[in-house]
Protein chains: 2
Amino acid sequence: MKKTKQEIVADYRRSAILDAARTVFARRGFAGGILDEIAQEAGIAKGTLYLYFKGKEELYKAVLDHDMRTLRQSTLNRVDAAATLREKIAAFTLVRLQNGDARREFFRIMDQEQQNLTMTRTQYSDWVREPVEHLAAAIAEAVSRGEIRDVPAEKVAWNIADITRGAIQRRLMGRSSGTVEEESDYLTGFVWAALEKSPAP
Amino acid sequence: MKKTKQEIVADYRRSAILDAARTVFARRGFAGGILDEIAQEAGIAKGTLYLYFKGKEELYKAVLDHDMRTLRQSTLNRVDAAATLREKIAAFTLVRLQNGDARREFFRIMDQEQQNLTMTRTQYSDWVREPVEHLAAAIAEAVSRGEIRDVPAEKVAWNIADITRGAIQRRLMGRSSGTVEEESDYLTGFVWAALEKSPAP
DNA sequence: CAATAAAATGACCGTATGGTCAGTGACAAG
DNA sequence: CTTGTCACTGACCATACGGTCATTTTATTG
């Protein structure tokens, strides 16, 4: 069924509001984010916000939902598509770094989002955990195949997530000059050196 | 010169206020932290807060100042005291983990503190950077001595800081069961495997 | 074009909270 | 005991902000 003109306009408004909200929440956090400012940024009046979202909290959740879902999905896709463990690690770091560069504002929100919104935290922390656990499974399998050293798969997977996040943050703060590919290569190489059984002398 | 009774009481008040503020800011962040709540937690009236601090921002900064200074100092002491690179890495991870366990509230604030208080950010980011750069120097030196592989010292130092921070966060969130010593040993071992020149097969 | 419906607006309201200050009382000095 | 000082108090104020809704603007229909 074709979209009516109203639906198109409504979709456009909705995403304009989400973009504005992302910008403002990234700048000031949840508690500090001001709805008047979001409305202005979106080019509408404050009252209009309430035609599309129930209130501040729902708006915030809508931003997080959308962006985290996207990040989770693209990470899973690329990690699962990779054939070898090393490629999976490279894929993981690269997707995250690319996302970090492309959607700075969302990553700023992610950093703050450590404890707020306790109600829905389980949901979000699942979305964070899932890709890491896919990595962990691949690591465990590589260990059992004897491809790499005997390491605790889950811990290592989280370590990979941690150094990737750190690299992204340093990029967001303006340090670190190279391309995301270079950064991903470096990270993958570092981790691989820790996993390798016996590098040639 | 001996402290007068007033000075003793004043010191006590001051630190009670700092403790209360740390608790509340850790729970609700800067924007959400309520001065009435801090006063109640400290067992004083709100007006009294203003006898000891100029306002909300100064109070927040006082907490961060005190705790970050302490963390920076204890990290530097222990890292610099360690003789070998491996011991320095172990020292770094261990102090941070110990601090993470002992001062959960401060670390929760740290996590949130990514962009607020832009004025003083340079100050704080120096305090974060300094210990990492001591590590980096030790790594660079070990590289030039041929003790470890040829790695980019600064990057590796930040990677160590990143995995340590991640480990602390997972502990704060209630996952991860072992002692801080076990965790530190694991992290050190992981990093060392990545740095080692040629492990015996 | 008129009539009607739908969408958007922004002035307005209530509440929460950072900050103030006139008043209180505990304590020290004499 | 009296007096003066000063840390302390909490009622109070001003402001900011989330949320509402009567009114206005825009779109649709006949």
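In this text the structure is predicted, and so the values were computed from the model without any measurement. Letters go in sequence order (proteins before strands), and every chain restarts at 1.
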### Partners passing side-chain contact (heavy atoms from CB on, under 4.5 Å) against A:Asp65 (at least two apart in sequence or in another chain)
A:Arg69, A:Tyr124, A:Trp127
### Summary
Closest of D:dG19, D:dC8, D:dC17 to the A:Ile34 side chain is D:dC17
### Query
Contact class for A:Tyr52 (heavy atom, under 4.0 Å): base, sugar-phosphate, or nothing?
sugar-phosphate
### Message
Using a strict heavy-atom distance below 4.0 Å, which residues from residues 39-48 of chain B are in contact with DNA chain D?
### Response
B:Ile44, B:Ala45, B:Gly47, B:Thr48
### Query
Partners of A:Arg72 by salt bridge (Lys or Arg N to Asp or Glu O under 4.0 Å), sequence neighbours excluded?
A:Glu130
### Task
Pick base, sugar-phosphate or nothing for B:Gly33, based on heavy-atom distances below 4.0 Å to the nucleic acid.
sugar-phosphate
### Message
Classify B:Leu51 by what it touches in the nucleic acid, base, sugar-phosphate, or nothing, heavy-atom distance under 4.0 Å.
### Response
base
#### Entry: A:Lys56 NZ - D:dC17 C1' separation (whole Å)
8 Å
### Message
Any carboxylate oxygen within less than 4.0 angstrom of a Lys/Arg side-chain nitrogen, looking at A:Arg28 and A:Glu37?
### Response
yes
### Message
For a 4.0 angstrom threshold against heavy atoms of chain A, report the outermost contacting nucleotides of DNA chain C in 5' to 3' order.
### Response
C:dA8 to C:dG10
### Query
With sequence neighbours excluded, what pairs up with A:Ala161 under the side-chain contact (heavy atoms from CB on, under 4.5 Å) test?
A:Phe92, A:Val132, A:Trp158
Under 3.5 Å, sequence neighbours excluded: what are the donor-acceptor pairs made by side chains of residues 17-26 of chain B?
unit_1	atom_1	unit_2	atom_2	d
B:Asp19	OD1	B:Arg22	NH1	3.0
B:Arg22	NE	B:Asp67	OD2	2.6
B:Arg22	NH2	B:Asp67	OD1	3.1
B:Thr23	OG1	B:Asp19	O	3.1
B:Thr23	OG1	B:Glu105	OE1	3.3
B:Thr23	OG1	B:Glu105	OE2	3.1

### Query
Is the backbone of B:Tyr186 close enough, under 3.5 Å, to the side chain of A:Lys155 for a donor and an acceptor to pair up by distance?
no
